[in-house]
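Notes follow the structure.
Quantities reported herein were computed from a predicted structural model and do not represent experimental measurements. The analysis underlying the following values was restricted to heavy atoms, covering all of them including side chains, and did not include hydrogens, waters or symmetry mates.
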Amino acid sequence: MKYAELGQTGVYVSRICLGAMTFGGADNAAGNAIGRLTREDADAIVGEALDAGVNFIDTADVYGQGGSETILGEVLSGRREQVFLATKAHSRTGNGANEVGQSRYHLMNALEASLRRLKTDHIDLYQLHNFDAATPLESVLQTLDDMVRQGKVRYIGCSNFAGWQLAKAIGISRERNLEKFASIQSFYSLACRDIEHELLPAIQDSTTGLLCWSPLAGGLLSGKFDRNGQADSAARRSKIEFPPVDKNRAWDIVDVLNTIALSHNATPAQIALAWLLSSPHVTSVIAGVRNVQQLKDNLGALSIQLSESEKTSLADISSPGVRYPGWIQSYNSASRYPEGFSFSGQNWSLGMPPV
């Protein structure tokens, strides 16, 4: 197993994080598409992960309507201290007007409920599952800081924030001497590199850990789907089109993944994960699995070393381009930086960028 420091915490987490979204769940369309694994299934997966050196597990109070946390709490009995445990709050947990969002009222209630389900006295990484425009960030961060001071939370993080939202939160924490986000959990994949435009620069500037969810774009890059209609009927992507991506571009990416996978005697999924793991900005990649074999396959990505030409091929075929003001800043930097200036991996200091 390989490990990386989570932000600037001094805590080292496994480069592969076990995502527990597939644990538990109701017998309905959403639940059937995402998971509904039983306690026995989850126990086997967690056991295999821990034996392989995985020390990082991520869940959320909304997964399986609390079922994921409940099962995880049961299977971690007797081995809780082996795990850096992360969960999230924000999503609706009931029908009440205040059973959603990031008010102090909801977050405090959500934390206590998560602690009960997970059968633990603390959460190692407590994350905001989304941005809440209805609650001032100052109030949210004060609530999270209080949780840390109470000893019920070790570190805090966020998920699905925009670049300006992360930067604003970091600024508020510094100004008010509050606990700051150790990490951000974002959708990052060869099939969607949107975070490179604004969010990734904010992550780098604040030295925030980056956790990547849905690295295979809901299975689209697994090799089980292609432009000719090949599909795995048991895969989540066959039941729910999430997360949304440009499929035409995805098929081009899959073609390159297949070619590179052959040269490594690997699967397209392993190559897609290896590309993310090769980034110095990525702390950990969250792998949600349905069985032990899928977990083993994902862990195999850790041993793959992509060549520079292979990484370039994948970067080129998946490139999202550069958006304003990135291209104008890079272009105008030619006279400021003699050696050139790169923005989001694109260097246009020596010529006029495309318009």
Side-chain angles (χ1 to χ4, degrees), residues 4-11 13 15 17 58 86 88 90 102 125-133 135-145 148 155-215 243 275-286 315 318-333 336-337 341-349 353:
E5 184 180 9
L6 183 72
Q8 295 178 303
T9 63
V11 172
V13 295
R15 298 295 313 280
C17 170
D58 174 75
K88 300 181 284 291
H90 166 89
Q102 294 165 28
L125 179 63
Y126 199 54
Q127 304 158 106
L128 303 174
H129 210 157
N130 213 321
F131 182 75
D132 181 13
T135 311
L137 263 174
E138 291 83 355
S139 173
V140 176
L141 291 166
Q142 183 64 66
T143 299
L144 295 174
D145 186 80
V148 173
Y155 303 96
I156 62 172
C158 61
S159 182
N160 302 314
F161 272 39
W164 72 266
Q165 293 162 348
L166 174 64
K168 181 177 180 179
I170 296 294
I172 291 171
S173 292
R174 287 174 176 165
E175 178 186 18
R176 302 194 175 199
N177 196 29
L178 301 174
E179 191 75 15
K180 83 177 190 72
F181 291 139
S183 61
I184 183 169
Q185 195 174 131
S186 303
F187 175 34
Y188 192 29
S189 163
L190 278 167
C192 183
R193 294 169 54 188
D194 290 352
I195 72 167
E196 295 178 9
H197 297 301
E198 294 284 352
L199 182 55
L200 189 55
I203 290 170
Q204 293 173 252
D205 181 68
S206 58
T207 322
T208 302
L210 173 58
L211 312 176
C212 307
W213 64 263
S214 202
W275 181 82
L276 277 175
L277 291 167
S278 71
S279 169
H281 311 301
V282 171
T283 305
S284 189
V285 174
I286 302 171
S318 64
S319 174
V322 178
R323 297 177 183 171
Y324 177 85
W327 61 260
I328 194 67
Q329 289 183 6
S330 293
Y331 175 65
N332 286 341
S333 69
R336 181 71 175 89
Y337 301 95
F341 177 76
S342 176
F343 185 90
S344 294
Q346 303 291 328
N347 191 327
W348 286 337
S349 61

Can you tell me how far NZ of K180 sits from OG1 of T9, rounded to the nearest 0.5 angstrom?
9.5 Å
Check whether any side-chain heavy atom of L211 sits under 4.5 Å from a side-chain heavy atom of L125, and report yes or no.
yes
With the side chain counted from C-beta on, respond yes when Y188 and V285 share a heavy-atom pair under 4.5 Å apart, and no when they do not.
no
Flag side-chain contact, heavy atom, 4.5 Å: H129 against N160
yes
Between A202 and G163, the two heavy atoms sitting closest are CB-O, 3.8 Å
Output, in order, the C-alpha distance, side-chain angles, deciding distance and verdict of side-chain contact (heavy atoms from CB on, under 4.5 Å) for D132 and V140.
CA-CA 9 Å; D132 181 13; V140 176; 5.5 Å; no
Output yes when a side-chain donor or acceptor of S159 lies under 3.5 Å from a complementary backbone atom of Q185, and no otherwise.
yes
What I'd like to find out is whether the side chain of L178 reaches to under 4.5 Å of the side chain of Q142, using heavy atoms alone.
yes
Nearest 0.5 Å, please: how far is CD in E138 from OG in S173?
10.0 Å
Between L128 and L144, is any pair of side-chain heavy atoms under 4.5 Å apart?
yes
Distance from S186 atom OG to I195 atom CD1, nearest 0.5 Å?
5.0 Å
To the closest 0.5 Å, what do you measure between CG (L137) and NZ (K168)?
5.5 Å
Donor-acceptor side-chain pairing of S319 and R193 below 3.5 angstrom
no
Do side-chain atoms of S278 reach the backbone of W275 as a donor and acceptor pair under 3.5 angstrom?
yes
Nearest-0.5 Å distance that lies between atom CZ in F161 and atom CD1 in I170:
10.0 Å
Student check: side-chain heavy atoms of I286 and S284 closer than 4.5 Å:
no
Measure across A169 and F181 and return the closest heavy-atom pair with its distance rounded to 0.1 Å.
CB-CE1, 3.5 Å
What is the minimum heavy-atom distance between T283 and G209, and which atoms define it?
OG1-CA, 3.4 Å
Step by step, would you call L200 with L210 a side-chain contact (heavy atoms from CB on, under 4.5 Å)?
CA-CA 9 Å; L200 189 55; L210 173 58; 4.1 Å; yes
Is the closest side-chain donor-acceptor distance between D58 and Q127 under 3.5 Å?
yes
Provide the closest heavy-atom pair for F187 versus P243 in the form atom of the first, atom of the second, distance.
CZ-CG, 3.3 Å
Closest contact, heavy atoms only, S183 versus L6
CB-CD1, 3.7 Å
So which atom in Q8 and which in S206 form the shortest heavy-atom distance, rounded to 0.1 Å?
OE1-O, 4.4 Å
Using side-chain heavy atoms (C-beta onward) and a distance below 4.5 Å, is D194 in contact with L199?
no
Taking the side chain as every heavy atom from C-beta outward, state whether P325 and E198 have any pair of such atoms under 4.5 Å apart.
yes
With distance as the sole test, does R15 use its side chain to make a donor-acceptor pair with the main-chain N or O of L277 at under 3.5 Å?
yes
Go through the side-chain N and O atoms of E179 and Y155 and say whether any donor and acceptor fall under 3.5 Å apart.
no
State whether the side chain of Q102 and the backbone N or O of N130 hold a donor-acceptor pair below 3.5 Å, judged by distance alone.
yes
Just by modelled atom types, is the A162 backbone N or O under 3.5 Å from a matching donor or acceptor in the Q165 side chain?
yes
